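Here the structure is laid out as structure tokens; the discussion comes afterwards.
The chains referred to below are lettered A, B, ... by the order of the sequence lines, with proteins before strands, and numbering in each begins at 1. Computed from a predicted model, the values in this text were never measured in an experiment.
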There are 2 protein chains.
Amino acid sequence: MSQNEVEKSVPTLADVASLANVSTATVSRCLNSPDRVGKDTRERVMKAVNELGYAPNFGAQALAARQTNTIGAVIPTMENAVFARGLQAFQEELGRHGKTLLLASSAYDAELEEQQIRALVARGADALLLIGYDREPEIYRFLEKRGVPTLIAWSFNPAETRTAVGFDNRAAMRALARDVIAQGHRNIACITAPTRSNDRARGRVEGIRDAKVEAGQDPAEVMIVETPYGIGTGEEAFRQVMAQAPDTTAIMCVNDVLAVGALRAARALGLRVPEDISVTGFDDIEIAALADPELTTVHVPHREMGRRAAQRLIEVLQDNVMGQSKELPTEIRMRQSLGPARKA
Amino acid sequence: MSQNEVEKSVPTLADVASLANVSTATVSRCLNSPDRVGKDTRERVMKAVNELGYAPNFGAQALAARQTNTIGAVIPTMENAVFARGLQAFQEELGRHGKTLLLASSAYDAELEEQQIRALVARGADALLLIGYDREPEIYRFLEKRGVPTLIAWSFNPAETRTAVGFDNRAAMRALARDVIAQGHRNIACITAPTRSNDRARGRVEGIRDAKVEAGQDPAEVMIVETPYGIGTGEEAFRQVMAQAPDTTAIMCVNDVLAVGALRAARALGLRVPEDISVTGFDDIEIAALADPELTTVHVPHREMGRRAAQRLIEVLQDNVMGQSKELPTEIRMRQSLGPARKA
DNA sequence: TTGTACGCGTTATCAA
DNA sequence: TTGATAACGCGTACAA
């Protein structure tokens, strides 16, 4: 009838206490603030702890201490190398400070993201890392009511009040677009990921328009193609651009993956890059430098961003005050895929 | 003096109970098994819940229910696309069943992995996903003592008793090596990640030797170069092979990243692939098909593995019994980087 | 420095 | 169907 259950002799504080002949309070102190305990008793307690293989019960600890030492993060997807990279650094930094990562992904879906945020809070996340600002105000209200400190990453927008550790997507793309225009390009197209609920992508697109305006050109000239994230979708988008606007001499993509797709499509169509058409990316993930031709792109310090984000969150948990927003610099990586505009 | 703290009016069960004029027990029942509660009282309670914005306290729930609905995973690193991909699917499947992912990474370091395992258990992981079998027996004993069901992924070895959802690394590489040998290659080198504490890498290397033996050749002829994971290290390893064993006609790498490094080094050295030398990878990540020449490799169903692993773990949490190990099939992706051996 | 004792918010048992 | 009430295991004032 009954399962032959293994005897799970999970020891409690009380077990340790009786073995060491002290009170549970002393054991607790030994573990949490060892300096407030006499040296000999501490040794006795630690011995008992090891002997029993004691480890605190998580629920009890969380209940009494009112924190879980757990920090949540909701990212669009781990399959995007930029998030994997940033999150790896984020997690490493958390670990260094005794915090654990609670992770969920939204698949770039706003509604799913909200669910995940609520799930992580329900699971006791002490603080949260979210990607980008764009989000229903209701969610932010929820987070505030629950008292969960929240940090934005991957975006930095001086116009927003919320604390962020990220970079100015719009300014970064604007800088790149200036270089593109400086190469004589005027008929520029942009392949972007969906901009709805995504201020990063939207900012990047705006950056291109900014540069057009600066150059005295009509920002409406920029052809915009929205498509989901992926190499295949990047290829399709490229074909669409060339079909509808064959005069295009430069295609700026809001990320490297779409750009690699564009590169492939160009080759398939017999177009030389950059002689016939220029292509740029964004992020500077590994394939950018491996691509043929090597991709001109915007380098983003993903690891540093992840690390700093973790630090901010750890700070706010300690000091109960969230630091200032931090803008990280991006750099243009000028490589082969951007060249002078071909003569019309 | 005092912080101007926001009034965090986090409501408890008792608050809901008094507002709805019922006992806390009834509220708890309402939330956990609504069918055991009268319809009218249930409505009254639910109204109070919504009105107060009540959400259960996680610590208290975990303490009383003795489970956290959280599943832990320790992977080498998220920056490796294979793990990112598998874990993404793992997390999605967990989410579908109301479970949350607690994630840590070991950086391929056995000692760090042990720390992380203990940390996740301390954070209340109900079950654990680990990569590969290789691990100090002490860790497995710890997990058993704590009663934390553990599943192995990325490996499947019929000789091991522990439950796993993965593939037979050795057999997969053996199959690929057979094809390499069938192309006339005899002087084969292998670039591998460190094999210590890594049965996956070790199995893949062994697979090459197996095929050599099958072909009546001396397995000791295979030159082995161990190097950390990375494109740059793959390049270096390639140079080392060509310097020490210029007769080599095929280089089999235990993963695609090392193989891409080998491809780059070959090009830099003026060697044509596959005319002068063949290169193979393992994993079939995105860059394998993007590489030039396209990389012959072993396709691994990472997403399915992640999904199935999640299912297994969810099952064991429900039924208290871990299912059988599951071997997933791999497939050889024959592409351009493998060709006939050059004439000596 | 150490111990006592209570509170943390739920779940679950047992009566009613 | 509902309500008291006892765990659950730990942290922490407060007292000694």
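We find that CZ of A:Arg42 is positioned 10 Å from P of C:dT1, with the value rounded to whole Å. Separating the CZ atom of A:Phe58 from the P atom of D:dC10 is a distance of 13 Å, rounded to the nearest angstrom. When rounded to the nearest whole Å, the span between CG of B:Leu13 and P of D:dA7 equals 19 Å. What separates CG of A:Leu63 from P of D:dT12 is a distance of 12 Å, to the nearest Å. Atoms CZ (A:Arg66) and C1' (C:dG9) sit 9 Å apart, rounded to a whole Å. Rounded to whole Å, the distance from CD on B:Gln61 to C1' on D:dG9 is 16 Å. One interatomic measurement links the two molecules: CG of B:Asn32 to P of C:dA12, which rounds to 7 Å at whole-angstrom precision. In this structure, CG of A:Asn57 is placed 18 Å from P of C:dC8, rounded to the nearest angstrom.
Distances shown here put a side-chain N or O of A:Thr41 below 4.0 Å from the OP1 or OP2 atom of C:dT2. A:Ser28 has no side-chain polar atom (N or O) that falls below the 4.0 Å cut-off from OP1 or OP2 of D:dC10.
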Any chance you could lay out the side chain to side chain donor-acceptor pair (under 3.5 Å) test for A:Arg123 and B:Thr70, step after step, and finish with the verdict?
-> CA-CA 8 Å; A:Arg123 161 60 233 249; B:Thr70 285; 2.3 Å; yes

Could you walk me through whether B:Asn69 and B:Leu317 pass the side chain to side chain contact (heavy atoms under 4.5 Å, CB included) test, one step at a time?
-> CA-CA 9 Å; B:Asn69 288 316; B:Leu317 255 24; over 6 Å; no

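Set against D:dG3, D:dC10, C:dT2, the side chain of B:Thr26 has D:dG3 as its closest nucleotide. Here C:dG3 is the nucleotide among D:dG11, C:dG9, C:dG3 with the atom lying nearest to any side-chain atom of A:Ala25. Looking at the side chain of A:Val22, the nearest of the listed nucleotides D:dC8, D:dT2, C:dG3 is C:dG3. Relative to the side chain of A:Thr12, the nucleotides C:dG3, C:dT11, D:dG9 differ in distance, and D:dG9 lies closest.
For B:Arg29 and D:dG3, a side-chain-to-base donor-acceptor distance below 3.5 Å is present, hydrogens and geometry of angles not being considered.
With the nearest nucleotide of DNA chain D identified for both B:Ala60 and A:Leu31, B:Ala60 has the one nearer the 5' end.
Here B:Arg118 does not pair with B:Glu136 in a salt bridge; the nearest charged N to carboxylate O distance is not below 4.0 Å. Under a 4.0 Å N-O distance rule, the pair A:Arg96/A:Glu93 qualifies as a salt bridge.
Atom CZ of B:Arg66 is separated from atom CG of A:Asn57 by 7.0 Å, given to the nearest 0.5 angstrom.
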